[in-house]
Amino acid sequence: MRKFLCVSVSLLALALSGLGQGGKTLVVGIDADALTLDPGNFRHRETETILRNMFDALVTRTSTMEIVPELAVSWERVSDTEWIFYLRDGVTWHDGTPFTAEDVVFTVERTIKEGRISGRTSPRKGLLDPVTDAIALDRLTVKLITAVPYPALIAFLPHHLIVPKHYVEAVGDEYFAEHPVGTGPFKFVRWDKGVQIVMEPYENYYGGSPAIPPVGPAKLERVIFRVLPETSTRVAALKAGEIHIATRIPPDLIPELEADPNLRVMAVRGTRSAFLEMNVTRPPFNDLRVRRAIAHALHVDLIIEHVLGGLATPIPSLMSPDSPFYQDLPRYPYDPARARALLAEAGYPQGFSFTLDCTPPFKDVALVIAEMLREVGLDVKVQVWEWGLLLPKLLARERDAWVADWGNATLDPMDIMIPKLRTGERGNYSGYSSCLYDGLMHFAEYIARTAESRLAAYQLAQELIAYELPLVPLWVAQEIYGVSRRVVGWQPSPDSRINLHRADLLD
Amino acid sequence: MVLGVTFVVFLLLWLTPGDPVEIFLGQTGPITAEEIARIRREFGLDQPFLVQYGRFVARALRGDLGTSIIHRRPVVSLLAQTIPATVELTLFAALIALLVGVPAGVIAAVRRRSLLDMAGTVIALAGVSLPGFWLGLILVIAFAVNLKVFPVAGRLSFGTGLVPQTGFLLLDALLQRKLSALVDVLRHLVLPAWATSAGMMAMTMRLVRSSLLETLNQEYVHTARAKGLAEHRVILAHALRNGLLPVITALALNLGALLSGNMVVETVFGWPGVGRLVVQAIQTRDYPLVQGGVLFYALTFVALNLLADLSYGFLDPRIRHGRE
């Protein structure tokens with residue numbers, strides 16, 4: 001009996017003797033681990049979210065997506081294809097070495113030249129492609145040269161984190177990818193792969209962008225990004241007080257979080273535009289009247305209100321309302337009678353059958369859309385796919401219609417309007433092809449001399465898409481976070497970065 | 001056999017629609033066709049099927065399983081990081097299954113058709129039937145969120161001072177003589193191991209019960225009783241010893257199933273194991289990583305089968321000596 005008691009007491013002690021994280025340690029529950037800690041070697045949102053706390057870029061974005069200086073103090077476009085960046089003095093890497101123009105040149109060359117990272121080419125090359133050269137003019141001045149006029153350059157630069165030339169050359173790419181040294185507010189402590197990444201404030205941090213106060217070293221004593229892939233587990237950890245910020249909360253879990261007095265829900269409009277896309281290369285969706293009938297049959301506001309908990313903004317074309325290129329066009333009004341009339345006019349008075357494809361995150365939305373389309377006489381079946389299986393079928397134009405989205409973290413039309421709808425592009429699943437649209441893209445990308453003419457071209461193209469409807473624009477959904485009430489000084493960012501430089505944790 | 005498995009998996013992956021490069025690049029950003037072609041070339045995906053498979057086998061024989069397309073790191077190092085976590089969880093789960101399953105089975109057999117036996121049967125049925133992710137979430141809600149006695153997820157808290165060396169954290173904590181780290185690792189292990197072991201625990205219990213019932217009717221048991229031995233000695237020393245033979249064999253075989261079956265539990269508990277890695281690799285069509293993971297599973301199954309075969313001879317001298 002005594003033995004049994006001893007064992008029971010030890011087990012209880014074992015159960016209760018948790019190790020507290022202690023001090024001001026802010027823990028973020030993130031749904032995926034970083035793939036690498038090398039800012040030049042990934043195409044992965046969560047990796048960028050984590051790395052952003054250890055590395056800085058030439059420019060950054062405010063929480064309202066305005067571009068402001070970071071490692072660069074200012075910049076000027078000296079010709080159509082040449083940009084000069086003046087760098088901040090007094091910035092040091094986490095190992096104490098001063099940051100210079102050589103680091104910027106090294107970073108750019110590592111990204112755009114082939115075979116520079118362990119013999120392979122950076123997967124981020126495409127995000128900086130028109131840049132052909134970087135030249136250090138002096139210790140703190142660097143010139144970037146592009147092959148063609150590239151007005152979108154600045155919009156892409158917040159995503160290119162600068163890496164230390166001296167360190168990478170000394171330790172090699174593979175070591176760097178696991179033991180990073182940056183100029184950011186936090187320095188690397190350890191990476192338990194698949195479990196957590198731990199960082200501590202860099203005491204000599206230059207303070208970050210002066211445009212985003214307060215400027216200075218980070219307030220937290222430690223930051224941990226803990227990997228919790230399962231949504232329910234992230235929510236459980238948040239409720240148990242083990243983490244302070246949980247990413248990617250689905251709308252249906254909001255009431256559960258709101259019911260907890262220690263938690264709050266924070267949401268921000270994201271940068272992914274959702275659409276109902278149609279295969280315009282074959283009947284029935286090659287008929288404009290059919291596509292317009294679909295647009296009239298969808299009650300987008302109703303879906304947003306009831307399926308997405310009101311946490312999305314309807315869009316009339318591809319661009320987010322946060323983008324300076326957004327064109328505020330009228331949306332197709334919900335009008336089932338008009339939809340039926342258009343279908344009859346197109347030769348489908350009895351409607352027709354088709355399958356609406358989607359991936360699991362869009363399943364609820366697709367089911368509601370199918371129901372709305374049934375109201376106007378269409379026989380719609382919903383098929384839920386794993387993305388890897390659906391993608392080749394879309395590219396082969398074997399499907400009819402599908403609900404999907406496309407990311408636009410730069411808010412520049414270049415990485416959504418071109419890949420989605422220009423003839424032959426990799427994201428153009430609808431098979432849309434328009435000389436006018438392609439011409440406008442070409443004009444905006446290569447010919448437009450002024451910001452105004454570029455804006456005009458992209459806005460005209462949005463009008464064209466709203467008219468021709470190769471896709472019915474749906475919405476830009478909000479990114480939802482569960483946050484402990486102890487967290488202050490942090491705002492979610494539309495591009496899903498979690499920058500903890502200014503965050504603090506109340507006792 | 002392992003070669004056969006890798007060929008089938010290679011073929012299945014090759015036949016499955018989905019392009020790893022397209023998935024890797026994601027639904028965002030501008031990318032030229034040349035860039036996609038270049039990445040394909042870099043990973044040898046532009047080669048015919050047999051060339052790709054031949055290269056894989058040739059490299060695998062040298063211990064090189066290629067580079068993950070998504071992680072951009074050698075597959076061998078990714079597996080080396082995750083295998084210890086999975087093995088540790090599996091062994092701990094098996095230990096729990098045995099520690100609970102064997103005594104429960106003995107009690108059920110001895111008190112046959114009693115309330116205890118029936119309760120055990122119902123619990124075993126539930127254990128076999130409950131899906132791992134559901135049981136895992138229930139355990140998290142009960143013991144981590146409400147009672148706060150175990151952590152929700154993960155493998156080790158920050159601040160234990162433990163430096164992972166072997167990857168087996170229990171072993172590392174013992175080697176480095178860090179009691180607080182050992183306790184922390186054990187606390188993280190309890191819930192996922194419980195969720196993982198439920199099925200095996202139930203199976204062990206039922207197997208011990210039926211096997212013991214069979215041996216209890218054997219003549220040597222009657223003889224032992226007739227000699228006037230105490231009942232607990234008859235059961236534990238005579239009947240159970242023989243009754244455990246099929247249990248141990250089944251256990252070895254089931255360890256393999258347990259290893260591959262805890263992908264879901266690993267996801268629920270944020271456990272950095274091979275299962276989670278392979279599931280992600282399948283979703284992203286990361287061919288080299290899927291191949292590496294499958295090779296690990298195949299080798300483990302082969303090794304466990306071999307162990308089970310050898311254990312027959314070890315446990316039952318009649319088989320070892322080849323006598324009828």
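In the text below, chain A, chain B and the rest are named by the order of the sequence lines, each starting its count at 1. This is a predicted model, so every value here is computed, not measured.
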Measuring only between side-chain heavy atoms, which start at C-beta, is B:Arg155 closer than 4.5 Å to A:Asp192?
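With C-beta onward as the side chain, the pair stays apart.
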Any side-chain heavy-atom pair from B:Ile70 and A:Leu35 closer than 4.5 angstrom?
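Counting from C-beta outward, B:Ile70 and A:Leu35 do come under 4.5 Å.
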Non-hydrogen atoms of chain B under 4.5 Å away: do they reach the side chain of [X], the backbone, both or neither?
{"X": "A:Ser122", "value": "backbone"}
{"X": "A:Asp412", "value": "neither"}
{"X": "A:Leu395", "value": "side chain"}
{"X": "A:Arg190", "value": "side chain"}
{"X": "A:Val227", "value": "both"}
{"X": "A:Leu391", "value": "side chain"}

Value rounded to 0.5 Å, distance of [atom1] in [X] from [atom2] in [Y]:
{"X": "B:Arg72", "Y": "A:Glu174", "atom1": "CZ", "atom2": "CD", "answer": "12.5 Å"}
{"X": "B:Lys148", "Y": "A:Lys239", "atom1": "NZ", "atom2": "NZ", "answer": "9.5 Å"}
{"X": "B:Ile282", "Y": "A:Glu386", "atom1": "CD1", "atom2": "CD", "answer": "9.0 Å"}
{"X": "B:Phe158", "Y": "A:Arg222", "atom1": "CZ", "atom2": "CZ", "answer": "4.5 Å"}

When you measure from the side chain of [X] to the backbone N and O of [Y], does any donor-acceptor pair fall under 3.5 Å?
{"X": "A:Thr233", "Y": "B:Val268", "answer": "yes"}
{"X": "B:Gln81", "Y": "A:Lys193", "answer": "no"}
{"X": "B:Arg276", "Y": "A:Gly194", "answer": "yes"}
{"X": "B:Glu42", "Y": "A:Arg120", "answer": "no"}

Please classify the contact between B:Ile141 and chain A as side chain, backbone, both or neither, with a heavy-atom cut-off of under 4.5 Å.
neither
Should we say atom CZ of B:Phe49 is surrounded by more than 12 heavy atoms from elsewhere, each under 6.0 Å from it?
yes
With a sphere of 6.0 Å drawn around CZ of B:Phe168, does it hold more than 12 non-hydrogen atoms of other residues, nucleotides or ligands?
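Enclosed.
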Which atom of [X] lies closest to which atom of [Y], heavy atoms considered:
{"X": "B:Thr267", "Y": "A:Glu230", "value": "O-CB, 3.6 Å"}
{"X": "A:Pro229", "Y": "B:Gly270", "value": "CD-CA, 3.9 Å"}
{"X": "B:Val152", "Y": "A:Glu242", "value": "N-OE2, 2.9 Å"}

Which residue out of [options] racks up the most heavy-atom pairs below 4.5 Å with chain B?
{"options": "A:Pro123, A:Ser232, A:Gly119", "answer": "A:Pro123"}
{"options": "A:Glu178, A:His159, A:Arg45, A:His44", "answer": "A:Glu178"}
{"options": "A:Gly427, A:Gly29, A:Ala32, A:Ala237", "answer": "A:Ala237"}
{"options": "A:Val198, A:Val189, A:Thr36", "answer": "A:Val198"}
{"options": "A:Arg234, A:Glu114, A:Lys420, A:Glu425", "answer": "A:Glu114"}
{"options": "A:Ile243, A:Leu390, A:Thr121, A:Asn41", "answer": "A:Thr121"}

I'd like to verify something: which residue of [options] has the highest number of heavy-atom pairs under 4.5 Å with chain A?
{"options": "B:Ile39, B:Leu137, B:Leu78, B:Thr284", "value": "B:Leu137"}
{"options": "B:Arg73, B:His71, B:Gln280, B:Gln283", "value": "B:Arg73"}
{"options": "B:Ala85, B:Gly136, B:Pro151", "value": "B:Pro151"}

